[in-house]
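A quick write-up on the structure given underneath.
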Amino acid sequence: MKSIHIQYFAVLRDLTKVDEEQRETNAETALELYEEVRQVFGFDFDSINLRVAVNDSFSEWDYKLKDGDKLVFLPPVSGG
Amino acid sequence: MKSIHIQYFAVLRDLTKVDEEQRETNAETALELYEEVRQVFGFDFDSINLRVAVNDSFSEWDYKLKDGDKLVFLPPVSGG
Amino acid sequence: MFLLSNNTLDPEEYIKELKDDSCGGYVSFEGWVRDFNEGKKVTHLKYEAYQVLAEKEAQQIIQEAIEKFDARKIKIVHRVGDLQISEIAVWIGATAVHRGEAFDACEYVIDQLKIRVPIWKKEYYVDGDSGWVECHECKKHIHD
Amino acid sequence: MFLLSNNTLDPEEYIKELKDDSCGGYVSFEGWVRDFNEGKKVTHLKYEAYQVLAEKEAQQIIQEAIEKFDARKIKIVHRVGDLQISEIAVWIGATAVHRGEAFDACEYVIDQLKIRVPIWKKEYYVDGDSGWVECHECKKHIHD
């Protein structure tokens with residue numbers, strides 16, 4: 001089991017109702033973790049439509065999770 | 001004889017030492033008038049490098065002068 | 001430099017940081033909150049940012065623009081929180097020795113910011129509906 | 001709208017005239033007095049304008065930019081008289097529904113203004129020399 005810190009923004013946060021959580025997981029990759037929380041919160045977005053950040057940097061979906069990592073799943077941005 | 005009002009700007013005004021003059025002339029066209037004042041004030045610019053305005057609108061060098069016209073010979077602009 | 005601000009943006013203040021006697025051109029862009037978007041009348045909106053990554057990515061964009069276009073100084077300020085119609089959502093200022101470089105740098109920064117910097121906009125409509133912009137692309141529309 | 005001003009330009013004042021709830025993008029350009037031009041150190045400069053024709057030509061350029069790029073409002077203010085280093089020589093503001101239109105309109109206006117509007121710049125140099133800019137193209141350099 002790894003302990004992963006996850007932050008939620010925008011449309012995802014509207015569904016989770018929390019800004020962040022500390023999640024114990026057996027997921028191996030960022031993608032596996034996304035599919036796990038997607039089930040939990042009922043996200044309707046394929047990972048293809050999102051990006052993932054690990055420890056405050058953009059990362060890849062096949063990133064291998066390490067205990068203590070900080071992840072953010074990023075909906076399409078709309079600043080400016 | 002026609003009476004033409006002429007205004008001078010920038011590099012031309014530095015040579016004429018006057019902002020404007022009322023000139024009695026036999027010149028038929030804007031170009032002939034330019035060549036006349038060019039002699040008088042020693043302008044070193046060919047008409048090809050200047051533009052001419054008649055009665056506050058851009059005009060052509062072959063414009064036929066009429067008594068009472070207001071002319072301006074325009075050095076290359078450098079605003080902005 | 002990149003800044004997130006909870007308060008009304010103040011361009012006159014930001015310009016001071018960009019002043020440079022060797023620069024001949026200064027171009028700025030302001031994104032204003034429009035009263036209409038995609039056919040719906042907007043009453044107000046909200047921006048939120050993933051601050052740490054937004055700062056890193058914006059700083060990276062500024063660096064790219066300076067190198068690509070030989071710009072001298074670039075500053076970005078993005079509003080977060082609740083905004084009313086006609087308020088400034090984002091301000092970008094770019095200086096360069098010549099004006100073409102400043103135009104190119106400023107336009108590059110706003111174009112890249114809109115696709116890369118993790119900031120999200122939620123629009124609130126006259127009919128009481130609201131939604132995170134671009135979420136029609138995610139195949140789901142959120143109703144509060 | 002086009003304005004010639006003998007006093008320090010005040011962009012915050014001009015922007016007010018451009019505010020429009022339906023516009024999402026505002027682009028402005030400022031031309032600043034540089035301390036160097038063509039390898040010579042500049043101490044200050046002077047602009048003069050053929051006012052009536054400058055106003056007509058600038059108004060024509062604004063109209064062209066609005067039509068070509070679907071811009072909403074455009075304003076130009078050009079300084080005349082004596083200017084010091086870093087002062088604003090010209091200010092241009094353009095609004096449009098979308099930002100690309102505002103960028104294109106603003107750049108078109110400054111590009112056209114520089115070649116068409118009868119305004120002239122005289123530079124004064126550290127070495128006591130001075131000259132009307134571009135008059136090297138007229139094959140004569142003026143020394144006061």
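Atom CZ of B:Arg13 is separated from atom NZ of D:Lys122 by 7.5 Å, given to the nearest 0.5 angstrom.
Using a 4.5 Å heavy-atom threshold, the side chains of B:Val77 and D:Lys121 count as separate.
Only the backbone of D:Ile115 comes within less than 4.5 Å of a heavy atom of chain B; no side-chain atom from C-beta onward does. Neither the backbone nor the side chain of D:Glu30 comes within contact range of chain B; no heavy atoms are under 4.5 Å apart. Heavy atoms of D:Tyr50 lying under 4.5 Å from chain B belong to its backbone as well as its side chain. For D:Ala49, the part sitting under 4.5 Å from any heavy atom of chain B is the backbone (N, CA, C, O) and nothing else. Only the backbone of D:Val117 has a heavy atom closer than 4.5 Å to any heavy atom of chain B.
Residues forming a side chain to side chain contact (heavy atoms under 4.5 Å, CB included) with D:Glu67 (at least two apart in sequence, or on another chain): D:Gln63.
Put simply, the side chain of D:Glu48 gets close to the backbone of B:Ala10: a donor and an acceptor are under 3.5 Å apart.
Residues of residues 52-64 of chain B that come closer than 4.5 Å to chain D, counting heavy atoms only, are B:Ala53, B:Asp56, B:Ser57, B:Phe58, ordered by residue number.
Taking D:Val90, D:Ile110, D:Leu53 one by one and counting their heavy-atom pairs under 4.5 Å with chain B, the maximum is reached by D:Leu53.
Heavy-atom minimum distance, B:Ser78 versus D:Trp120: OG-CA, 3.5 Å. Nearest heavy atoms, B:Gly80 versus D:Ala89: O-CB, 4.4 Å.
Under a cut-off of 6.0 angstrom, the local environment of CD in B:Gln39 is sparse, with at most 12 non-hydrogen atoms contributed by other residues, nucleotides or ligands. Annotation: D:Lys68, atom NZ; neighbour count of heavy atoms from other residues, nucleotides and ligands within 6.0 Å does not exceed 12.
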